[in-house]
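One structure below.
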Amino acid sequence: MTNIFKGHPGIGDEVTGEALVASDNFSARYDLDRIKGIFSRPQHKLCGQSYDGKILILNAAKGGVATAWMLQEMVSRGVAPKALILNFANPIMAQGAAFANLPMIDRFEVDITENVPNGANVKVIPETGELRIL
Amino acid sequence: MQLNDYEQEMLAGEHGQAKQYGMQQVLRVGTFFDAPDTVEIAQVHLMADPESLGVSGVEFLEGLATTPEADRTVVVPAVTDPRGVDLNAYKKLGQTDGMADLEIRATAAFRSLGFMMTDTCINYQTICPPVLGEHVAFGDTGSTIYANSVQGARTNFEGGPSALAAALTGRAPRYGYHLDQFRRGSCLFDVDFRPKDLSDWGALGAYVGREMASYWEVPVITGIEDTPTSDEMKQFGAALASFGSTPLFHMIGITPEAHDFKAVLDGAIPKSVKIAKNDLDTLIKSYMPSDDKLDVVVFAGPQLSLMEMQTLAEHLRGRKISNDVALIATTSPEIKYACDRMGLTEAIETAGGMVLSGVCFYQMYAREIGEANGWKRLMSNSAKLVNILGGYGYEPMLASMEACVESAIQGRITGDAK
């Protein structure tokens, strides 16, 4: 099994943590209860689950523009994912990650949501765009 | 990413802390998306409601606002998206003094940076519509998709931190929808009917939006024969951008870059996805609850134009909304003044409705005001609003303005909505 996945060089610093994985999309405003630190959108596959301190691995950035501010707000309160890993980010997610200095990588050579097991311990290396299963 | 001498100076902090922040943000995002350089932009539309900003975001703005005036002042016309608190109505809505305080602090900081507090998401209808080919930095999904698609301007989604950077530097990274190659159509939808009212246009946008895999897809719509109105395009685009995170569509024979298929599609015309009226009915019914309980009716997301406010006022004139249901309409300060002058506000408020100015429902602590007022079951004619509010603890449903008003008067979901 491949343990190293290559994406586009990303944003932020190297980080290690537990992966929370789903094939769903992601928006901070649409999908989260940011006070409780859980997914709150009933239709989301991770509804009810905590994202706090996790390496969040999802498909694509969706929804509106609020996420660009909200990532930094989440980081400032200490209730935030450790990193965002997406098949496809959008500008909002990149702008939010850049503003919050939250590690993020996207555009992998494979569907990253199908290649990292939920709960795996992973290392995120934004500078080279690598995700490693440890 | 190539920066010219002046941009290098801004990055080095030679023109102050605010411009240095701006260039850092431009460079980080531009590098992430392989932008070759920057593009000068003509105007900025910035989203920064206090719920999204939080205390840390407001403190960041206040920090910039204390730097020397010559360094911190925006260099292009810069206007704001709806705010989170209407200071004339927040107590009635169950918003707290803490929310109002954050709002006042954020507004003071933006004024100090030189922003014009237009507090509207329909700036493309009411403030300064961009023109074909103009590069701008718009920061609301609805304003972005309208500017790109209907007006032919060029912008990516510029979320708050990047719209602020664009206002301070006059630049955005040149990638995505600033470039010709990203504005080509990627998929085709064939609509064999004309949506009837604004909620149907929103449902059509929602249907197409759900089919979008990512930000980079550009749907091309064909089959619409009669030119839609500005408000119809507004609801269609806002829903498409909300469901699809997509900032551009083309409508053959209608939008300015789409004279014909060849103008927006490369190679052979792709097989189209057919959309029938029945598909929209199914989408709308998917939000239908099993009983007729109703707590609140909201007309917002996007804010209402003068024409929509007139239609709402005519539906409500001389009638009385049930005491068990709240009815809220949000619009821009400019349109609110016009409504006050023309008697539209009075017609809505006499019937028991609330007209809020400079805010939009989902941007005003929707979860907290829902809990404070016991609102769960919500009706709206905005597909965008219905899409967002599920995550905020509401049970939202989509219906025409007429059905929403009738239900508000009856105190239960009724009419066409059932």
Side-chain angles (χ1 to χ4, degrees), chain A residues 7-12 25-36 38-44 47 59-79 86-101 104-107 126-127 129, chain B residues 21 24-29 31-34 47-49 51-57 59-60 81 138-142 144 156-165 173 175-177 209 212-216 241-247 362-363 366-367 384 387-393 395:
Chain A
H8 189 279
I11 288 168
N25 300 314
F26 181 63
S27 160
R29 191 195 291 274
Y30 289 39
D31 295 330
L32 306 182
D33 182 331
R34 290 170 291 114
I35 303 302
K36 293 179 182 164
I38 59 170
F39 281 83
S40 59
R41 185 177 175 82
Q43 294 85 3
H44 203 284
C47 187
N59 179 41
K62 283 272 184 171
V65 298
T67 302
W69 288 117
M70 283 178 173
L71 293 182
Q72 198 268 348
E73 190 270 339
M74 289 156 64
V75 168
S76 76
R77 284 187 296 103
V79 184
L86 298 165
N87 281 323
F88 298 103
N90 68 1
I92 295 304
M93 216 53 73
Q95 293 157 10
F99 186 57
N101 199 30
M104 185 174 82
I105 303 175
D106 80 333
R107 285 165 281 174
E127 189 177 358
Chain B
Y21 154 75
Q24 286 170 343
Q25 182 74 6
V26 167
L27 184 63
R28 282 180 190 151
V29 175
T31 302
F32 186 81
F33 288 115
D34 303 317
M47 197 296 284
D49 64 59
E51 180 195 345
S52 303
L53 283 167
V55 173
S56 67
E59 287 173 349
F60 167 75
D81 206 37
F138 274 15
D140 172 288
T141 54
T144 298
N156 288 300
F157 285 162
E158 297 289 359
S162 284
L164 176 60
Y175 71 96
Y177 292 92
M212 298 296 99
S214 79
Y215 177 82
W216 308 104
S242 175
F243 281 81
S245 184
T246 307
Y362 72 94
Q363 291 173 297
R367 182 187 305 282
K384 171 178 177 169
N387 188 34
I388 295 171
L389 290 177
Y392 275 92
E395 294 172 0

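Every chain is numbered from 1 and lettered A, B, ... according to where its sequence line falls, protein lines coming before strand lines.
- Considering only heavy-atom pairs separated by less than 4.5 Å from chain B, the leading option among D106(A), D31(A), N59(A), T67(A) is D106(A).
- Both the backbone and the side chain of Y362(B) come within less than 4.5 Å of a heavy atom in chain A.
- With a 4.5 Å cut-off on non-hydrogen atoms, A213(B) touches chain A through its backbone but not through its side chain.
- Listed by first and then second residue, the salt bridge (charged side-chain N to carboxylate O under 4.0 Å, His left out) pairs involving residues 61-73 of chain A are R34(A)-E73(A), E73(A)-R77(A) (not counting sequence neighbours).
- Between chain A and the residues S162(B), G54(B), G209(B), the most heavy-atom pairs under 4.5 angstrom are made by S162(B).
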Exercise. Walk me through it: do Y175(B) and V29(B) pass the test side chain to side chain contact (heavy atoms under 4.5 Å, CB included)?
Key: CA-CA 10 Å; Y175(B) 71 96; V29(B) 175; 3.8 Å; yes
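- Most heavy-atom pairs under 4.5 Å with chain B, from the set S27(A), P42(A), A66(A), P91(A): that is P91(A).
- Each of S56(B), G159(B), P161(B) has some count of heavy-atom pairs under 4.5 Å with chain A, and the biggest count is that of P161(B).
- Once rounded to the nearest 0.5 Å, the distance linking NE2 of H8(A) with CZ of F32(B) reads 7.0 Å.
- Annotation: the span from T141(B) atom OG1 to Y215(B) atom OH amounts to 11.0 Å, rounded to 0.5 Å.
- Side-chain atoms of F39(A) and F26(A), non-hydrogen and from C-beta on, do get closer than 4.5 Å to each other.
- The candidate with the highest count of non-hydrogen atom pairs below 4.5 Å against chain B, out of P9(A), A97(A), A68(A), A61(A), is A68(A).
- With a 4.5 angstrom heavy-atom cutoff, L32(A) touches chain B only via backbone atoms.
- Partners of E127(A) according to the side-chain contact (heavy atoms from CB on, under 4.5 Å) rule, which considers only residues two or more places apart in sequence or in another chain, do not exist here.
- Your options are R41(A), Q95(A), Q72(A), M70(A), and the one with the most heavy-atom pairs under 4.5 Å with chain B is Q95(A).
- For Q24(B), no part lies under 4.5 angstrom from a heavy atom of chain A.
- Proximity to chain A (any heavy atom under 4.5 Å) is shown, for T144(B), by neither the backbone nor the side chain.
- In plain terms, the two heavy atoms of G12(A) and N101(A) that are nearest each other are CA-OD1, 3.5 Å.
- To the nearest 0.5 Å, the span separating CZ on F88(A) from CH2 on W216(B) amounts to 10.5 Å.
- For the set A48(B), S52(B), G142(B), the entry with the most heavy-atom pairs within less than 4.5 Å of chain A is S52(B).
- Of the atoms belonging to N387(B), heavy atoms from both backbone and side chain fall under 4.5 Å from chain A.
- With rounding to the nearest 0.5 angstrom, the CZ atom of F138(B) is 13.0 Å from the CZ atom of F157(B).
- Both the backbone and the side chain of D33(A) come within less than 4.5 Å of a heavy atom of chain B.
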